[in-house]
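Notes for the one structure printed next.
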Protein chains: 2
Amino acid sequence: MTLDEARNRFIQSWGTLATQWGINRTMAQIHALLMISPEPIDTDAIMETLQISRGNANMNLRDLLDWGLIYKQLKLGERREFFYAEKDVWKIARQVAKERRRREITPVIEVLEELKVIDTDSPEAREFQKVITDISKVVGFADNTLNAVIKAEENWLMSQFLKVFR
Amino acid sequence: MTLDEARNRFIQSWGTLATQWGINRTMAQIHALLMISPEPIDTDAIMETLQISRGNANMNLRDLLDWGLIYKQLKLGERREFFYAEKDVWKIARQVAKERRRREITPVIEVLEELKVIDTDSPEAREFQKVITDISKVVGFADNTLNAVIKAEENWLMSQFLKVFR
DNA sequence: ATAAACTTTCATTTTTTATTGAAAATTCAA
DNA sequence: TTGAATTTTCAATAAAAAATGAAAGTTTAT
């Protein structure tokens, strides 16, 4: 397998994985491409490599910037913007955990808290409350896990974590 | 807020969360409905409550059965099938972790292993290999985490885990 | 101020995914 | 067996999401 083949293979796989996690394929592919690019690259290079339109490239680049997964680089005497990916994969994991927590987990926790305060007159209501409370625990666990990842500045903390389960 | 309002609120929220995680809305709504139903319910009740077609209900019920998140119950003297959800939320988490690991993480690990064996003649190839190796570590971490959840038969193990990060 | 280089926006089109509903298949009681 | 009750399938349709590309907007050098 040549280097180029390997690169394409990786970009494709990463894109496929992403769609299963509710992230759009192109965004993941651009991210993959930038992760394996030694040098920052510009919009046209991305368009050409991935065979996508300018608008599409731009939109997804903007999203990746929002997520803090890639950065712009300005070259002296160049008008174009070049992009490069965060290369520290632990930082990527933290960034993603942080965003997903904010966008997804936090709102659900809020709804669950609201639902806990219904009147528990009937047995049915009590049953409902029990289910909600149980779910809260699992969501809380997920939330704690994400927080742990977010706050894990050091790798050793991660390895500590892994030890617990071995 | 009445019990019915709370129920609807929960079903809706759970559906919204699911779409962000690459799970279809209806499947999550059916699951939510069954989780908060004290009694097993039949296809018609699901169709009516969620305002969906028979085909749609059937398809998503089958998927939920595949995932091991719900069960069939046969009532004596009744032809219809009634469905009920797994009520142990830790078991749900384990089930989901197991399925996602099998369907998503394992294939990616395989691809990454393949990509590690390219020839490292050029500096470019070595750089590529480094990125792939780093990504493998993170994916491996995710895989270990899922495994930990899968194998956590006891709740205290989870609480041990949580302690590490507090 | 102008224009070239480049980026962003967004109405339209394409693609993908989910849903419908009616027909076919299955199950079971009589 | 027949047929009524119920489940499953699947081609057609609808809805949602992503992508296009051309036009509008910005920035910078001159």
Side-chain angles (χ1 to χ4, degrees), chain A residues 11-12 14-34 40-67 69-84 100 103-104, chain B residues 11-12 14-34 40-67 69-84 100 103-104:
Chain A
I11 291 169
Q12 285 312 120
W14 208 244
T16 305
L17 179 68
T19 54
Q20 289 169 323
W21 283 88
I23 292 155
N24 90 47
R25 213 181 71 251
T26 307
M27 183 166 147
Q29 287 183 339
I30 294 177
H31 186 230
L33 174 59
L34 291 177
I41 57 182
D42 70 1
T43 304
D44 287 76
I46 291 164
M47 286 164 59
E48 201 177 324
T49 309
L50 302 180
Q51 291 292 304
I52 57 172
S53 72
R54 186 170 300 283
N56 193 11
N58 182 267
M59 210 188 87
N60 285 295
L61 283 168
R62 192 153 43 69
D63 283 351
L64 285 166
L65 289 167
D66 281 352
W67 277 70
L69 297 178
I70 66 171
Y71 308 104
K72 281 183 186 179
Q73 174 158 97
L74 300 169
K75 285 195 188 177
L76 273 169
E78 277 275 20
R79 194 73 146 286
R80 280 168 301 166
E81 292 173 330
F82 289 77
F83 301 91
Y84 63 100
R100 296 205 82 135
R103 298 183 190 195
E104 296 157 23
Chain B
I11 291 169
Q12 287 311 120
W14 208 244
T16 305
L17 179 69
T19 54
Q20 289 169 322
W21 284 88
I23 294 154
N24 91 46
R25 213 181 70 251
T26 306
M27 183 167 149
Q29 286 182 341
I30 293 176
H31 186 228
L33 174 58
L34 291 176
I41 57 182
D42 70 1
T43 304
D44 287 76
I46 291 164
M47 286 165 59
E48 201 176 323
T49 309
L50 302 181
Q51 291 292 305
I52 58 172
S53 72
R54 186 172 300 283
N56 194 10
N58 183 267
M59 209 188 89
N60 287 111
L61 282 167
R62 194 154 42 68
D63 283 352
L64 285 166
L65 288 167
D66 281 352
W67 277 70
L69 296 178
I70 66 171
Y71 308 104
K72 282 184 186 179
Q73 172 156 99
L74 300 169
K75 285 195 186 175
L76 274 169
E78 276 275 20
R79 195 71 147 289
R80 281 169 301 167
E81 292 174 329
F82 289 76
F83 301 90
Y84 64 100
R100 296 204 83 136
R103 297 183 191 196
E104 295 157 22

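Below, chains carry the letters A, B, ... as their sequence lines are ordered, and counting in each starts from 1. Fair warning: this is a prediction, and the values are worked out from it, not measured in the lab.
A close approach under 4.0 Å does occur between a side-chain nitrogen or oxygen of A:Arg62 and OP1 or OP2 of C:dT9. The phosphate of D:dT8 (OP1 or OP2) has a side-chain N or O of B:Asn58 nearer than 4.0 angstrom. Contact annotation: A:Thr26 reaches the phosphate of D:dA19 (side-chain N/O to OP1 or OP2, under 4.0 Å). Put simply, A:Arg79 has no side-chain N or O that comes within less than 4.0 Å of OP1 or OP2 on D:dT26. Phosphate contact (OP1/OP2 of D:dA18, side-chain N/O of A:Asn56, threshold under 4.0 Å): absent.
For the pair B:Asn60 CG and D:dT8 C1', the computed distance is 14 Å after rounding to whole Å. Atom CZ of B:Arg80 and atom C1' of D:dT8 are 18 Å apart (whole Å). The nearest whole Å value for the distance from the CG atom in A:Asp63 to the C1' atom in D:dA18 is 12 Å. Whole-Å rounding puts the A:Gln29 CD to D:dA18 P distance at 13 Å. For the pair A:Glu78 CD and D:dT27 P, the interatomic distance rounds to 18 Å; values are reported in whole Å. Remark: P of C:dT16 and CD of A:Gln20 are 16 Å apart, rounded to the nearest angstrom. Remark: C1' of D:dT7 and NZ of B:Lys72 are 8 Å apart, rounded to the nearest angstrom. Whole-Å rounding puts the B:Phe82 CZ to D:dT6 C1' distance at 12 Å.
Listed here is the closest heavy atom pair of B:Thr43 and B:Ala57: CG2-CB, 4.1 Å.
Environment of CZ in A:Arg100: crowded, with over 12 heavy atoms of neighbouring residues, nucleotides or ligands closer than 6.0 Å. Applying the 6.0 Å contact sphere to CD of A:Gln73 captures more than 12 heavy atoms from other residues, nucleotides or ligands.
In this structure, A:Met59 and B:Asn24 both approach DNA chain C, and ranking their closest nucleotides by distance from the 5' end singles out A:Met59. Sequence order on DNA chain C of the closest nucleotides to A:Asp44 and B:Ile52 puts A:Asp44 first from the 5' end. Position along DNA chain D of the nearest nucleotide to A:Ile23 versus A:Arg54 favours A:Ile23 as the more 5'-ward residue. Each of A:Gln51 and B:Thr43 was matched to the nucleotide of DNA chain D holding its nearest heavy atom; the match closer to the 5' end belongs to B:Thr43.
In this structure, A:Trp21 and B:Trp21 have perpendicular ring planes: the angle between them is above 60°, well past the 30° mark.
Looking at A:Thr19, A:Asn56, A:Asn60 one by one, the single match for side chain to side chain donor-acceptor pair (under 3.5 Å) with A:Asn24 turns out to be A:Asn60.
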